[in-house]
Amino acid sequence: MQLGLIGLGKMGGNMRERIRRAGHTVIGYDRNPEVSDVKSLEELVEKLEAPRTVWVMVPAGTATQGVIDELKDLLSEGDTVVDGGNSRWTDDEKHAAELGVKGIGFVDAGVSGGVWGLQNGYALMVGGDKEHVDRLRPIFEALKPEGPYGYVHAGRVGAGHFSKMVHNGIEYAMMQAYAEGWELLEKVKSVDNVREVFRSWQEGTVIRSWLLDLAVNALDEDEHLDKLRGYAEDSGEGRWTVEAAIDNAVPLPAITASLFARFASRQDDSPQMKMIAALRNQFGGHAVEKRG
């Protein structure tokens, strides 16, 4: 099968290679000419045989919208666009409608696998009409891990990115739990080999996971994480997960708390904790630490 792929960063570049290894033809475009197969989107579309399939792997929001706008003018009826980035599911509905006016199909694909995807394969959560999804099945099969699992047609347009959003929300909470457990183990005097405690959990325990394996990898590189600053960004999907929970009246206490913990990580001197310290001093005479 022939595929156009827009965006050849860490994910897109590895996806191009994995699809090619499966025997398919991939023509890639990126603003970086050193990794691009063609010089422009126009040239990419010209090199594809109709009906064309173009997979978009660029940042969510303005960048994705800009590419969709260009493709709408370049592609023809019967072609299909796949958004494999981390777009919000509500944007998928908008993009499907915009492309649908010209008879261009649209599929949203939540893709998980990170920098390990080339080696291990990518988990794929896909949304869209059956006719469009079925046509892309050979590409999904090339990208997914070996075995029966790792790919799902999750539902209508938007379902793929919504599923990936929830996946990332769960990921936030799992990482937060490991982080909290690690900090507590590091804090007590009785445990003097925290890294090996984490390693002992990798086999036979109910909390073993790939994230745990990655935590052990990180501790092998920097046993007490002394080289890192306690600061963590969020991709936006954690926020969208919490917003969707509010819209649907679904309680997500663990995921919500893990998102707020990331916000707290960005404060060198938490204003909230200043108030907490002041109140504890007022009602209980508890000591406060003065600046300077």
Indicate if V101 and V107 have the same hydrophobic cluster label, given that clusters are the connected sets of ILVMFWY residues with side-chain heavy-atom separations under 4.5 angstrom.
no

Kindly say whether M1 contributes a backbone atom to a donor-acceptor pair with the side chain of H24 at under 3.5 angstrom?
yes

Donor-acceptor contacts under 3.5 Å from residues 159-170 side chains, at least two apart:
from	atom 1	to	atom 2	distance (Å)
H161	ND1	D92	OD1	3.0
H161	ND1	D92	OD2	2.7
H161	NE2	D83	O	3.3
H161	NE2	G85	O	2.7
H161	NE2	A109	O	3.4
S163	OG	A159	O	2.8
K164	NZ	N86	OD1	3.3
K164	NZ	N168	OD1	3.2
H167	NE2	S112	OG	3.4
N168	ND2	E237	OE1	2.5

Contacts of Y151 meeting ring pair (Phe, Tyr, Trp, His ring centres under 6.0 Å) (sequence neighbours excluded), chain-then-number -> F140

Are E243 and R239 ion-paired here, with the side-chain N under 4.0 Å from a carboxylate O?
no

Decide side-chain contact (heavy atoms from CB on, under 4.5 Å) for D222 and D226; before the verdict, give the C-alpha distance in whole Å, the side-chain angles of both, and the deciding distance to 0.1 Å.
CA-CA 7 Å; D222 182 6; D226 295 325; 4.2 Å; yes

Treat each ILVMFWY residue as a node, draw an edge where side-chain heavy atoms are under 4.5 Å apart, and state whether L136 and L5 are in one component.
yes

Would you indicate whether K102, at its atom NZ, is surrounded by more than 12 heavy atoms from other residues, nucleotides or ligands within a distance under 6.0 Å?
yes

Sub-3.5 Å donor-acceptor pair from the side chain of R18 to the main-chain atoms of L143, do we have one?
yes

Does any non-hydrogen side-chain atom of T53 lie less than 4.5 Å from one of I139?
no

Does any non-hydrogen side-chain atom of P51 lie less than 4.5 Å from one of E77?
no

Any chance the side chains of Q65 and D91 put a donor and an acceptor closer than 3.5 Å?
no

Test your reading of the model: is there a side-chain donor-acceptor pair from K189 to the backbone of D192, 3.5 Å cut-off?
no

Polar contact flag, side-chain donor to acceptor under 3.5 angstrom, T241-Y172
no

Decide yes or no on salt bridge (charged side-chain N to carboxylate O under 4.0 Å, His left out) for E17 and R21, but give the supporting numbers first.
CA-CA 6 Å; E17 178 61 22; R21 289 180 184 180; 3.0 Å; yes

Whether the side chain of T256 engages the backbone of L252 through a donor-acceptor N/O pair (distance < 3.5 Å, no angle test) should be reported.
yes

Between CG of L219 and CG of L214, what distance do you get to the nearest 0.5 Å?
11.0 Å

In Å, rounded to the nearest 0.5 Å, how long is the span from CE of M174 to OG of S258?
11.5 Å

Can you run down the ring-ring contact (aromatic ring centres under 6.0 Å, His included) pairs that involve residues 212-240, sequence neighbours left out, and say none if there aren't any?
none

Report the distance from atom CD of E183 to atom NZ of K187, rounding to the nearest 0.5 Å.
7.0 Å

For residues 115-130, please give each side-chain donor-acceptor pair under 3.5 Å, one per line with the distance, not counting sequence neighbours.
from	atom 1	to	atom 2	distance (Å)
Y122	OH	L118	N	3.4
K130	NZ	D134	OD2	2.6

Counting distance only, does the side-chain N/O of T80 pair as donor-acceptor with the main-chain N or O of G105 below 3.5 Å?
no

Is R135 salt-bridged to E131, cutoff N-O under 4.0 Å?
no

Could you list the cluster mates of L48? Members are the ILVMFWY residues connected by side-chain heavy atoms closer than 4.5 Å, either directly or through other members.
I6, I27, Y29, V38, L41, L44, V45, V54, V56, V58, V67, I68, L71, L74, L75, V81, L99, I104, F106, V157

Do side-chain atoms of T64 reach the backbone of P59 as a donor and acceptor pair under 3.5 angstrom?
yes

Quick one: do the E221 and N217 side chains pair a donor with an acceptor below 3.5 Å?
no

d(R195 CZ, E186 CD) to nearest 0.5 Å is 10.5 Å

Has the side chain of N14 got a donor or acceptor atom that lies under 3.5 Å from a matching backbone atom of M11?
no

Just how far is it from atom CZ of R156 to atom NE2 of H153, taken to the nearest 0.5 Å?
10.5 Å

Do K39 and P33 have side chains that approach each other closer than 4.5 Å (heavy atoms only, starting at C-beta)?
no

Would you kindly confirm whether V82 and V152 end up in one hydrophobic cluster when ILVMFWY residues are joined by side chain heavy atoms under 4.5 Å apart?
no

NZ/NE/NH1/NH2 to OD/OE distance under 4.0 Å, K94 and E98
yes

Charged N-O contact under 4.0 Å between R16 and D37
yes

Could you measure the distance from the CG atom of D79 to the NZ atom of K72? Nearest 0.5 Å is fine.
15.0 Å

Testing the 3.5 Å rule here: is there a donor-acceptor pair between the side chains of K47 and Q2?
no

Quick one: does D234's side chain have a donor or acceptor within less than 3.5 Å of a partner on G238's backbone?
no

D220 bridged to R199 by N-O distance under 4.0 Å
yes

Identify, with sequence neighbours excluded, every residue that meets salt bridge (Lys or Arg N to Asp or Glu O under 4.0 Å) alongside E233.
R266

Ignoring hydrogens and geometry, is there a side-chain-to-backbone donor-acceptor pair from R20 to V26 under 3.5 Å?
yes

